[in-house]
Trainee: 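One structure, pasted below without further comment.
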Amino acid sequence: MAFPEPKPKKPELPKKLVQNLECKQGAVRAVRFNVDGNYCLTCGSDKSLKLWNPHKGTLLKTYSGHGYEVLDAAGSFDNSQLCSCGADKTVVLWDVASGQVIRKFRGHAGKVNCVQFNEEATVILSGSIDSSVRCWDCRSRRPDPIQILDEAKDGVSSLKVSDYEILSGSVDGRVRRYDLRAGELYSDYVGSPVTSVCFSKDGQCTLAASLDSTLRLLDKDTGELLGEYTGHKNTAYKLDCCLSEKDTHVASCSEDGKVYFWDLVEGSLMLSLPVGRGVVQSLSFHPSKPGLLTATEGHVQFWREESHMAEEQPPGC
């Protein structure tokens, strides 16, 4: 007699606070996990960028070189370099170990909202309030971008890059996807200013947050609306949204001090996580575990699932 397969465990949501980092860099504008989820970056309104180990709550390095607020940052696939952007209209490439600025890219006409590396970390892509996405070659000394994508009719608020696609969200209410292999541009009209976009892990869907307090899940190829998620508040600020590590849940920041989680398929609200009193500006989901970073005011919180046991510190630490 064959025994039935054990039922797969329901995915757990991160709701247990394990670290609360006081960042001491003014308001934290963005928090981002690195590629493997062992470290994170925080972007401060005091012009600084900081590298942390959120699992232990330790500050590893501070990067100074921006002339104004830092608004977004990303790490390269091998963790040797960082890129960041800010309200000083520049995109900066950093050496992680030394903390030195390798290059500063200037060319945007307004503040730069979002920045990403391509997969090989040879190109940095940046989206700006000047309605353009610019592509910068990290290896050449040329000061000009290698490509400018200027289809947006208003500021570019959010940007994601896969191995052959660029996904951008704009205040003009459109989500644009550039297929670099086919040389095609696909545009989906959401109708309200888009504040954050991301790909699902399986690459089949895109998620867009907009200022009508709604998240929309779109079929990447057809643009068909697969799901809408509401209940949070997002009418004034650029707030992050994301999918959980296994694409089972949709998460969003909110202006009421909480992070909201919905079941991806059913669209039902599963959890509203109280984070703080102010607006939750930014979040980042761990690439492989149920772990969440949230940023509100000057603090960053690290959340894990209920069953998570804190890493035992060896004696003498």
Trainee: Flag yes if Tyr39 and Phe302 sit in one hydrophobic cluster, no otherwise; membership is Ile, Leu, Val, Met, Phe, Trp, Tyr, and two members link when side-chain heavy atoms are under 4.5 Å apart.
Mentor: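 Per the 4.5 Å side-chain linkage, Tyr39 and Phe302 are not co-clustered.
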Trainee: Given side-chain contact (heavy atoms from CB on, under 4.5 Å), test Val279 with Leu239 step by step and report yes or no.
Mentor: CA-CA 9 Å; Val279 174; Leu239 303 183; 3.7 Å; yes
Trainee: What I want to find out is whether Lys47 reaches Asp88 closely enough, with some N-O distance under 4.0 Å, to be called a salt bridge.
Mentor: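 So Lys47 does not pair with Asp88 through a salt bridge.
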Trainee: Given the rule in the side-chain contact (heavy atoms from CB on, under 4.5 Å) test, do Leu217 and Leu215 qualify, once you have shown the distances and angles that lead to the verdict?
Mentor: CA-CA 7 Å; Leu217 187 71; Leu215 303 181; over 6 Å; no
Trainee: Students often mix this up, so state it plainly: with edges at 30° and 60°, are the rings of Phe33 and His286 parallel, tilted or perpendicular?
Mentor: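 Aromatic pair Phe33/His286 classed perpendicular.
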Trainee: Any chance you could measure Ile124, atom CD1, to Phe105, atom CZ, to the nearest 0.5 Å?
Mentor: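 Reported to 0.5 Å precision, the distance equals 4.5 Å.
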Trainee: List the steps, then state whether ring pair (Phe, Tyr, Trp, His ring centres under 6.0 Å) holds for Trp303 with His308.
Mentor: CA-CA 10 Å; Trp303 308 83; His308 170 72; over 10 Å; no
Trainee: Evaluate the side chain to side chain donor-acceptor pair (under 3.5 Å) criterion for residues Ser210 and Arg216: first the C-alpha distance (whole Å), next the side-chain angles of each, then the deciding distance (0.1 Å), finally the verdict.
Mentor: CA-CA 8 Å; Ser210 54; Arg216 291 173 177 84; 3.1 Å; yes
Trainee: Test Leu292 against every option in Ser244, Ser284, Pro14 by the side-chain contact (heavy atoms from CB on, under 4.5 Å) rule and name the one that passes.
Mentor: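 Per the side-chain contact (heavy atoms from CB on, under 4.5 Å) rule, the option paired with Leu292 is Pro14, out of Ser244, Ser284, Pro14.
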Trainee: Grab the two heavy atoms, one from Leu125 and one from Asn118, that are nearest each other, plus how far apart they are.
Mentor: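 Distance-wise, the nearest heavy atoms are CD1-N, 4.2 Å.
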Trainee: Can you find a side-chain donor-acceptor pair between Arg142 and Ser140 that sits under 3.5 Å?
Mentor: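 No, Ser140 and Arg142 have no side-chain donor paired with an acceptor closer than 3.5 Å.
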Trainee: Which residue is it: Asp240, Val250, Leu207? I am looking for the one with a side-chain contact (heavy atoms from CB on, under 4.5 Å) to Cys198.
Mentor: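 Only one of Asp240, Val250, Leu207 forms a side-chain contact (heavy atoms from CB on, under 4.5 Å) with Cys198, namely Leu207.
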Trainee: Are side-chain N/O atoms of His66 and Ser84 paired as donor and acceptor at under 3.5 Å?
Mentor: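 Result is yes, a qualifying pair exists.
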Trainee: Quick check: are there more than 12 heavy atoms from other residues, nucleotides or ligands sitting under 6.0 Å from NZ of Lys201?
Mentor: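 Yes - once you tally the heavy atoms of other residues, nucleotides and ligands closer than 6.0 Å, there are more than 12.
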Trainee: Hey, any chance Val18 and Leu21 share a hydrophobic cluster, counting ILVMFWY side chains that come within less than 4.5 Å of each other, even indirectly?
Mentor: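 Yes, it is one cluster - the side chains of Val18 and Leu21 are joined through contacts under 4.5 Å.
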Trainee: Without hydrogens or angle criteria, can the side chains of Thr214 and Glu228 be said to hold a donor-acceptor pair below 3.5 Å?
Mentor: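 No pair is found: no donor N or O on one side chain lies under 3.5 Å from an acceptor on the other.
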Trainee: For the residue pair Ser187 / Glu151, report whether a side-chain donor-acceptor contact shorter than 3.5 Å exists.
Mentor: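 Their side chains do not contain a donor-acceptor pair, so the 3.5 Å distance test is not met.
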Trainee: Between Val156 and Tyr178, is there shared hydrophobic-cluster membership here, with clusters defined by ILVMFWY side-chain heavy atoms closer than 4.5 Å?
Mentor: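 Yes, same cluster.
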Trainee: After noting the C-alpha distance and the side-chain angles of Thr42 and Arg29, does the key distance pass the side chain to side chain donor-acceptor pair (under 3.5 Å) rule?
Mentor: CA-CA 8 Å; Thr42 56; Arg29 295 297 181 212; over 6 Å; no
Trainee: Do Asp46 and Lys50 sit within salt-bridge range, that is, some charged N less than 4.0 Å from a carboxylate O?
Mentor: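 Between Lys50 and Asp46 there is no salt bridge, as every charged N stays at least 4.0 Å from the carboxylate O atoms.
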Trainee: In terms of side-chain heavy atoms, does Arg174 have a donor or acceptor partner in Ser168 at a distance below 3.5 Å?
Mentor: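 No pair is found: no donor N or O on one side chain lies under 3.5 Å from an acceptor on the other.
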Trainee: Can you tell me if Lys104 has over 12 outside heavy atoms packed within less than 6.0 Å of its NZ?
Mentor: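 Atom NZ in Lys104 is packed in, count exceeds 12.
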Trainee: Sort out for me which residue in Arg181, Lys220, Lys160 forms a side-chain hydrogen bond (donor to acceptor under 3.5 Å, both in side chains) with Glu165.
Mentor: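 Looking at Arg181, Lys220, Lys160, the match for Glu165 under the side-chain hydrogen bond (donor to acceptor under 3.5 Å, both in side chains) is Lys220.
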Trainee: To the nearest 0.5 Å, how far apart are NZ in Lys15 and CD in Glu305?
Mentor: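 Spacing of NZ (Lys15) from CD (Glu305) equals 11.0 Å.
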Trainee: Check each of Val280, Leu269, Leu273 against Tyr260 using the side-chain contact (heavy atoms from CB on, under 4.5 Å) test, and report the only one that passes.
Mentor: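 So, applying the side-chain contact (heavy atoms from CB on, under 4.5 Å) to Tyr260 and each of Val280, Leu269, Leu273, only Leu269 qualifies.
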Trainee: Please step through side chain to side chain donor-acceptor pair (under 3.5 Å) for the pair Glu245 and Ser288, ending with a clear verdict.
Mentor: CA-CA 5 Å; Glu245 86 283 11; Ser288 56; over 6 Å; no
Trainee: Ring-plane angle category for Phe285 and Phe261, please: parallel below 30°, perpendicular beyond 60°, tilted otherwise.
Mentor: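 Geometry flag for Phe261 against Phe285: perpendicular rings.
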Trainee: Between the side chains of Gln25 and Ser48, does any donor sit under 3.5 Å from an acceptor?
Mentor: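 The answer is yes; a qualifying pair exists.
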Trainee: With a 3.5 Å cut-off and no angle check, do the side chains of Ser132 and Ser128 form a donor-acceptor pair?
Mentor: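 Judged by distance alone, the side chains do not pair up.
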